[in-house]
Amino acid sequence: MKIATWNVNSIRTRLPHLQAWLTASKPDVALLQELKCTAEEFPIAALQGAGYEATVLGQKTWNGVAILTRQDAPKPQLTADHLNLPDNPLDARYIEGQVGDWRFASVYVPNGQSLDSEKFSYKLRFLKALEERLCTLMASELPVVVGGDFNIAPAADDVYAPSRFGDDVLYALPVRQAWRRLINQGWIDGLRLQHPHQQLFTWWDYRGNAWPAGHGCRIDHLLLSPTAANRLRAAGVDSDQRALEQPSDHAPVWVELA
DNA sequence: ATGGTAGGCTCCCTA
C-alpha cells in the first residue's frame with residue numbers, strides 16, 4: 001500500500017502534473033493540500049479519468065485539502081473536517097477519513113508569515129489543536145497515516161542552511177517544539193525513519209533560484225502510528241516534480257506499507 | 001538587509 005502527500009499549490013493549475021503523477025506513481029491514497037478551489041470547482045471528472053475518487057474539503061482562493069483513493073477501493077468515511085479551533089473554524093486545512101481499519105488525514109498547517117505576526121500565533125494555536133486531535137487518534141490504536149504540509153522543518157538536516165533559519169517561521173524554536181510534542185505521542189516520521197542520514201527536501205521556494213541552487217526544506221511529512229510504522233518498507237520524495245515546467249513549489253512525499 | 005516568484009484575485013494578499 002502506497003500513501004503519498006502533496007501540496008499541489010492550486011489543483012486547477014497543477015491538474016496536468018497531478019494526472020500524470022497519479023498514473024505513474026499509482027498511490028493507493030493521495031493526501032493533497034492547497035487546492036485553492038471550492039468543492040464545486042474541484043476537477044473531479046479529470047481525476048476519475050485517472051482512476052481516483054476524491055473526498056474534498058474546499059474553500060475559495062485559499063487552503064483546501066483532499067483525500068484521493070482508488071476507484072476500485074471504498075471511499076473514505078469522513079471522520080473530521082476541522083480541528084477544534086474556536087477562533088478560525090472556516091479554514092479548510094484538515095480532513096480525515098476511515099477506510100477499512102485505516103485512518104487517513106490530510107493537514108495543511110498555517111505558514112505563520114513572521115514570528116511577530118498574528119498569523120504565527122494562529123500557527124501555534126493550530127498546532128496545539130492538531131496535537132489534541134492526534135492524541136485522540138493515537139489512543140484509538142488504529143493504524144493511522146497523517147500526511148501534509150506541516151510548515152515545520154523538524155531538525156537542522158531539514159533546512160539547506162541552518163544558520164540562516166534561526167528565526168524562520170518553518171524552523172523557529174516554538175515550531176520545532178510543537179513538532180516534538182507530536183512526535184512524543186509516539187508518531188513516526190516515515191521518511192526520516194527510512195532515510196536516517198540523507199538530507200531530503202520537499203519544498204523549494206519559487207523565489208531566489210531556490211530549486212537549481214538546492215535551497216530546500218523538508219516541511220511535508222507522513223506521520224505513522226506505531227502499527228502503521230511496523231509495516232513501513234520504503235519512503236521517498238518525487239523531487240522530479242519540482243523540475244517540471246509550472247511546478248508546485250512542493251514535491252510529493254510517499255511511503256510504502258506492507 | 002532585502003527581495004525575490006507564483007497563484008488567485010483585484011488594485012493586494014498569502015506563501
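Note that the structure is a prediction, hence the values are computed from the model and not measured. Labels below follow one simple rule: chain letters A, B, ... track the order of the sequence lines, proteins then strands, and each chain is numbered from 1.
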Cut-off 3.5 Å, no hydrogens considered: what does the side-chain donor-acceptor table look like for residues 227-237 of chain A, sequence neighbours left out?
from: A:Arg231; atom 1: NH1; to: A:Ala258; atom 2: O; distance (Å): 2.9
from: A:Arg233; atom 1: NH1; to: A:Arg231; atom 2: O; distance (Å): 3.3

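- A:Arg14 comes within 4.0 angstrom of the backbone, heavy atoms only, and of no base.
- At a threshold of 4.0 Å, the pair A:Asp189-A:Arg218 counts as salt-bridged, since one of the basic side-chain nitrogens sits closer than that to a carboxylate oxygen.
- Rounded to whole Å, the separation between the P atoms of B:dG8 and B:dT2 comes to 30 Å.
- A nucleotide of DNA chain B counts as in contact with chain A when one of its atoms lies under 4.0 Å from a heavy atom; the first and last such, 5' to 3', are B:dG4 to B:dA15.
- Between the side chains of A:Lys123 and A:Asn111, no donor-acceptor pair of N or O atoms lies under 3.5 Å.
- Heavy-atom minimum distance, A:Leu224 versus A:Gly190: CD1-CA, 4.0 Å.
- Taking for each of A:Glu41 and A:Tyr108 the nucleotide of DNA chain B with the nearest heavy atom, the 5'-most of the two is the partner of A:Glu41.
- Comparing the P positions of B:dT10 and B:dT14 gives an interatomic distance of 14 Å, to the nearest angstrom.
- A salt bridge is absent between A:Arg181 and A:Glu132: the closest approach of a Lys/Arg side-chain nitrogen to an acidic carboxylate oxygen does not fall below 4.0 angstrom.
- Contacts of A:Asp167 classified as salt bridge (charged side-chain N to carboxylate O under 4.0 Å, His left out), with partners at least two apart in sequence or in another chain: none.
- Comparing B:dA1 with B:dG7, their P atoms sit 31 Å apart, to the nearest whole Å.
- DNA chain B is contacted by both A:Gly208 and A:Asn151; A:Gly208 maps to the nucleotide lying nearer its 5′ end (nearest heavy atom per residue).
- Using a 4.0 Å heavy-atom criterion, one finds that A:Arg242 contacts no nucleic acid atom at all.
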